[in-house]
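Notes to accompany the following structure.
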Amino acid sequence: METSITKNRRRVYKIIALIFWIIVWEIIALVINKEIYLPTPYNTFKVLLEEIKTVMFWQTIFATIFRVAVGFVIACIVGILVGIICGINHFMYEILNLIIVAVKSTPVMSFILIALVWFKSENVPIFICFLMCFPIIWTSVVGGIKHIDRRLIDMAYVYKVDKRYIIKDIYVPSIIPYITTAMITSLGLGWKVTVAAEVLSSPKFSIGTKLYNAKVYIESEQLFAWTIVVIVLSLMLEYIFKYLLRKMLPVRIQK
């Protein structure tokens, strides 16, 4: 385990690194000297602070987080359940694997455009989040099941253990590390594709809409400010999610 001194040292290094890159940003902005291409950190954070004071800012934040949460939770539930079925039943695996391969091979933009035809603008980001997260969860669950010691399964069948207990006491504990890793990975991806889907679908309250409007009206400070919001929220959500996993599950989650 890390000592408190080591943890404090790591925090100091991160702060120094952040300050360093802000200084680099400031220098490059001053050299270019054109706000339309690269606004200064001062102007960017000034706009950000002005946005934070508004009610619409928080409505926008919560709306996007809600869409990510809904799409991610559905992907986790369906991915785990279907993954267990496909991991146990090879025929079901072959049937669904074709769809998974197709989803992984298709550009996200194609799915966003198709979803715009199928759903209302508010639901497009949720669908895209689910569609991008589901294959990651499913693949990890199936992979975890394939790595289970077959001798445990054979012994359970020899002693005629009920299938419910085989799944509950053998399969699920064995695949938890795979599930947690997949969930952390898919959460980050889900956040990014949700914002990307919002850019095209333009729901009333969404970070993607704010980014799109900033680009259309050439408001570089707004564009950079909302980009910072995307980055900060992504890091915060990942940190909170890892913390919750460490509290709820008996597995080690990488910090």
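With Thr209 contributing its side chain and Lys204 its backbone, the two residues share no donor-acceptor pair below 3.5 Å. At least one donor-acceptor pair closer than 3.5 Å links the side chain of Thr64 to the backbone N or O of Ile207. Ser110 contributes no side-chain N or O that, together with a main-chain N or O of Thr106, makes up a donor-acceptor pair within less than 3.5 Å. Judged by distance alone, with hydrogens and angles left aside, the side-chain atoms of Ser105 form a donor-acceptor pair with the main-chain N or O of Val101 at under 3.5 Å. Although no hydrogens or angles enter the test, the distance criterion places a donor-acceptor pair under 3.5 Å between the side chain of Ser186 and the main chain of Met183.
Contact detail for Trp191 and Leu233: the closest heavy-atom pair is CZ2-CB, 3.5 Å. Of all the heavy atoms in Ala197 and Pro125, the pair that sits closest is CB-CA, 3.7 Å. Scanning both residues, Ser201 and Ser121, for their nearest heavy atoms gives O-CB, 3.2 Å. Tyr212 approaches Ser202 most closely through the heavy-atom pair CD2-OG, 4.4 Å. Listed here is the closest heavy atom pair of Ser220 and Ile36: OG-O, 2.6 Å. Shown here for Glu51 and Thr54, the closest heavy-atom pair between the two residues is O-OG1, 2.6 Å.
Annotation: the span from Met236 atom CE to Tyr239 atom OH amounts to 10.5 Å, rounded to 0.5 Å. Interatomic distance, Asn89 CG to Ile84 CD1, rounded to the nearest 0.5 Å: 13.5 Å. To the nearest 0.5 angstrom, Ile145 atom CD1 is 8.5 Å from Cys86 atom SG. The OH atom of Tyr217 lies 14.5 Å from the CG atom of Leu223; values are rounded to the nearest 0.5 Å. The line from OG1 of Thr194 to CG of Leu187 is 9.5 Å long, rounded to the nearest 0.5 Å. Here the CD1-CD1 distance, from Ile27 to Ile32, works out to 12.0 Å after rounding to the nearest 0.5 Å.
A continuous path of Ile, Leu, Val, Met, Phe, Trp and Tyr side chains, each step under 4.5 Å between heavy atoms, connects Val230 with Ile228, placing both in one hydrophobic cluster. Under a hydrophobic-cluster definition in which Ile, Leu, Val, Met, Phe, Trp and Tyr are linked whenever side-chain heavy atoms come within less than 4.5 Å, directly or via other members, Val73 and Val141 are assigned to different clusters. In this structure, Met92 is not a member of the same hydrophobic cluster as Val78, with clusters built from ILVMFWY side-chain heavy atoms closer than 4.5 Å. Taken together through direct or relayed side-chain contacts under 4.5 Å among Ile, Leu, Val, Met, Phe, Trp and Tyr, Val193 and Ile114 form part of one hydrophobic cluster. In the hydrophobic clustering of this structure, Leu237 groups with Ile184; members are Ile, Leu, Val, Met, Phe, Trp, Tyr whose side-chain heavy atoms approach within less than 4.5 Å, directly or through other members.
Around CZ of Phe241, the count of heavy atoms belonging to other residues, nucleotides or ligands within 6.0 Å exceeds 12. Heavy-atom contacts from other residues, nucleotides or ligands closer than 6.0 Å to CD1 of Ile99 number 12 or fewer.
For Trp226 and Phe57, the distance between ring centers is under 6.0 angstrom. Less than 6.0 angstrom separates the ring centroid of Trp138 from the ring centroid of Tyr93.
Ring-plane geometry between Phe130 and Phe127 is classed as tilted, the angle between the planes lying from 30 to 60 degrees on a 0 to 90 degree scale. In this pair, Phe45 and Trp25 present their aromatic rings tilted. The plane angle is within the 30 to 60° band.
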- Message: Show, in sequence, the C-alpha distance, side-chain angles and deciding distance for Ile19 and Ile16, and conclude whether the side chain to side chain contact (heavy atoms under 4.5 Å, CB included) test is met.
- Response: CA-CA 5 Å; Ile19 295 173; Ile16 293 173; 5.8 Å; no
- Please walk me through it: do Ile80 and Ile179 pass side chain to side chain contact (heavy atoms under 4.5 Å, CB included)? CA-CA 8 Å; Ile80 292 171; Ile179 293 174; 3.9 Å; yes
- Message: Evaluate Thr139 against Lys104 for side-chain hydrogen bond (donor to acceptor under 3.5 Å, both in side chains), listing each step before the verdict.
- Response: CA-CA 11 Å; Thr139 302; Lys104 288 181 177 180; 3.1 Å; yes
- Task: Would you please test Phe224 and Leu48 for side chain to side chain contact (heavy atoms under 4.5 Å, CB included) and show each step?
- Result: CA-CA 9 Å; Phe224 274 77; Leu48 179 58; over 6 Å; no
- Task: Please step through side chain to side chain contact (heavy atoms under 4.5 Å, CB included) for the pair Gln222 and Glu50, ending with a clear verdict.
- Result: CA-CA 10 Å; Gln222 287 274 352; Glu50 291 174 354; over 6 Å; no
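A donor and an acceptor atom, one from each side chain of Thr40 and Glu26, are nowhere located under 3.5 Å apart. For the 3.5 Å distance criterion, the side chains of Thr180 and Lys242 fail to qualify, holding no donor opposite an acceptor.
In summary, Glu198 and Arg67 engage in a salt bridge, as defined by a charged side-chain N under 4.0 Å from a carboxylate O.
Two residues are said to be in side-chain contact when any heavy atoms from C-beta on lie closer than 4.5 Å; Val229 and Ile61 meet this criterion.
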